[in-house]
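The block underneath contains the structure these notes are about, expressed in structure tokens.
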2 protein chains.
Amino acid sequence: MSPRRSVAEALGTRSAILNRSVAIASAEGLEGLTIGRLATELDMSKSGVLGHFGSKEALQLAVLDRAGEIFRAEVWEPALPVKPGLTRLRVLCEAWISYLEREVFPGGCFFVAAAHEFDGRRGAVRDAVESRFDAWRGRLRKETLRAVDAGELPEWTDPDQLVFELLGLLMALNHAIQLHHDTQAAGRARHAVQTRLGG
Amino acid sequence: MSPRRSVAEALGTRSAILNRSVAIASAEGLEGLTIGRLATELDMSKSGVLGHFGSKEALQLAVLDRAGEIFRAEVWEPALPVKPGLTRLRVLCEAWISYLEREVFPGGCFFVAAAHEFDGRRGAVRDAVESRFDAWRGRLRKETLRAVDAGELPEWTDPDQLVFELLGLLMALNHAIQLHHDTQAAGRARHAVQTRLGG
DNA sequence: CCTACCGATCGGTAGG
DNA sequence: CCTACCGATCGGTAGG
């Protein structure tokens with residue numbers, strides 16, 4: 001009868017809001033995600049939604065966190081049990097290709113989309129997006145260095161150059177799938193990764 | 001005294017609206033481009049702005065056309081006097097790198113941004129963006145085929161594969177400049193293009 | 001977690 | 001090209 005919910009219920013509600021938010025923001029962007037639409041789809045009032053976060057910006061940051069958890073589980077964690085260096089680098093690339101191919105987020109890579117939406121702005125959301133890319137780039141770079149140290153890649157390999165090119169392939173794949181619905185692009189991305197990393 | 005303008009004046013006004021629109025949409029996106037903001041910045045009424053186009057969608061399509069003219073002048077036309085085949089392909093890539101480096105559009109490549117903004121939607125704007133990418137890809141592909149026919153690239157070259165990889169490099173560069181303000185990325189893009197196309 | 005509200009802004013129209 | 005307006009929606013707040 002009471003509108004007040006227990007802590008557990010409140011956490012469940014918050015989680016439900018974030019799940020729905022990720023789905024909406026993936027398709028419409030983090031700005032197209034509106035409190036009113038969330039409230040309607042969740043059969044809540046706007047203030048009920050907003051109460052869990054305080055502001056739209058705080059909601060957007062929480063959505064980025066949730067999307068990050070999904071990305072981590074889909075792309076990063078499968079590579080953790082794998083031997084560091086070239087093997088792990090290959091698994092990371094394949095996991096990202098698969099993640100794009102399966103459209104884990106219906107709008108394509110959540111962070112590539114967020115980067116394009118916020119790169120021309122300032123604020124906490126933009127900073128959060130940038131730091132996530134820095135972290136991801138750093139991980140690819142670290143595995144590249146390990147691979148060079150282990151003699152799995154030529155010693156003249158420039159890690160930043162290689163990572164730049166790998167990121168380009170992943171962005172081209174994301175673009176080909178989302179804009180052109182190109183089903184051959186994943187094969188091209190795999191082929192290009194193989195040219196650079198062998199396998 | 002009259003609010004009615006001559007045909008020449010009306011065309012000038014329309015052109016002024018489009019110039020301002022390109023600047024706004026490059027930074028804020030084609031959806032963030034609003035009639036009200038345009039009217040304020042141009043010291044016009046909203047209906048005065050809208051009268052030139054009829055609807056926001058028609059305005060967005062006209063803005064894409066104007067942006068296309070700029071892209072054409074910056075990237076395509078410099079390559080026209082150049083010998084077809086590998087040489088022209090190199091000039092096209094260099095022109096695009098330079099266009100991104102000089103930030104001809106302050107928000108990065110206008111069409112990459114539009115693709116990300118509209119790839120999850122339907123309608124005339126999305127279709128216009130996709131067909132522009134098809135045209136651009138077709139041009140790169142044609143020059144690649146010419147280069148292969150002329151023996152300037154190995155006969156086993158897969159044109160679609162090469163174009164996919166070149167587009168990836170350009171997207172990685174766009175991303176590095178816009179999100180990370182990375183001043184070394186243009187050099188990496190040039191190096192990667194050179195690895196593929198020689199020079 | 002709700003209702004009820006705020007000022008601002010959206011795309012667009014009527015009528016001139 | 002204008003003024004004056006329309007209904008819808010935005011993020012957010014007061015008060016409970």
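So you know, we letter chains A, B, ... as the sequences are listed, proteins then strands, and number each from 1.
Taking 4.0 Å as the cut-off between side-chain N and carboxylate O, A:Asp134 and A:Arg141 do not count as a salt-bridged pair. Taking the charged nitrogens against the carboxylate oxygens, B:Arg72 and B:Glu69 have no contact shorter than 4.0 Å, which rules out a salt bridge.
Counting to the nearest Å, the P atom of D:dC10 and the NZ atom of A:Lys46 are 7 Å from each other. Across the protein-nucleic acid pair, A:Leu38 atom CG and D:dC10 atom P stand 10 Å apart, rounded to whole Å. In this structure, CG of B:Leu50 is placed 14 Å from C1' of C:dA14, rounded to the nearest angstrom. We find that CZ of A:Phe53 is positioned 16 Å from P of D:dT13, with the value rounded to whole Å. Atom-to-atom, CD of A:Glu57 to P of D:dG11 comes out at 13 Å; the value is rounded to the nearest Å. Between the NE2 atom of B:His52 and the C1' atom of D:dC2 there is a distance of 12 Å, given to the nearest Å.
Relative ring orientation between B:Phe105 and B:Phe110 is described as tilted, the plane-to-plane angle lying within the 30° to 60° band. Note: B:Trp96 and B:Trp136 have perpendicular aromatic rings, judged against thresholds of 30 and 60 degrees for the angle between ring planes.
Using a 4.0 Å heavy-atom distance criterion, A:Ser45 is classed as a base contact.
The nucleotide whose nearest atom lies closest to any side-chain atom of B:Met44 is, among C:dG11, D:dG11, D:dC2, D:dC2. You'll find that the side chain of B:Ile35 is closest to C:dG11, out of D:dG11, C:dC1, C:dG11.
Contact between the side-chain N/O atoms of B:Thr34 and the OP1/OP2 oxygens of C:dT9 is not found at any separation under 4.0 Å.
Nucleotides of DNA chain D nearest to A:Gly54 and A:Gly36 differ in position, and the one nearer the 5' end is that of A:Gly36.
Atoms CG and NZ, on A:Leu30 and A:Lys56 in that order, are 8.5 Å from each other to the nearest 0.5 Å.
Between the side chain of B:Lys56 and the base of C:dG12, no donor-acceptor pair of N or O atoms lies under 3.5 Å. At a cut-off of 3.5 angstrom, the base of D:dT3 holds at least one donor-acceptor pair with the side chain of B:Ser47.
Base pairing analysis places C:dC1 opposite D:dG16; the two distances defining the Watson-Crick or G-U wobble pair are each below 3.5 Å.
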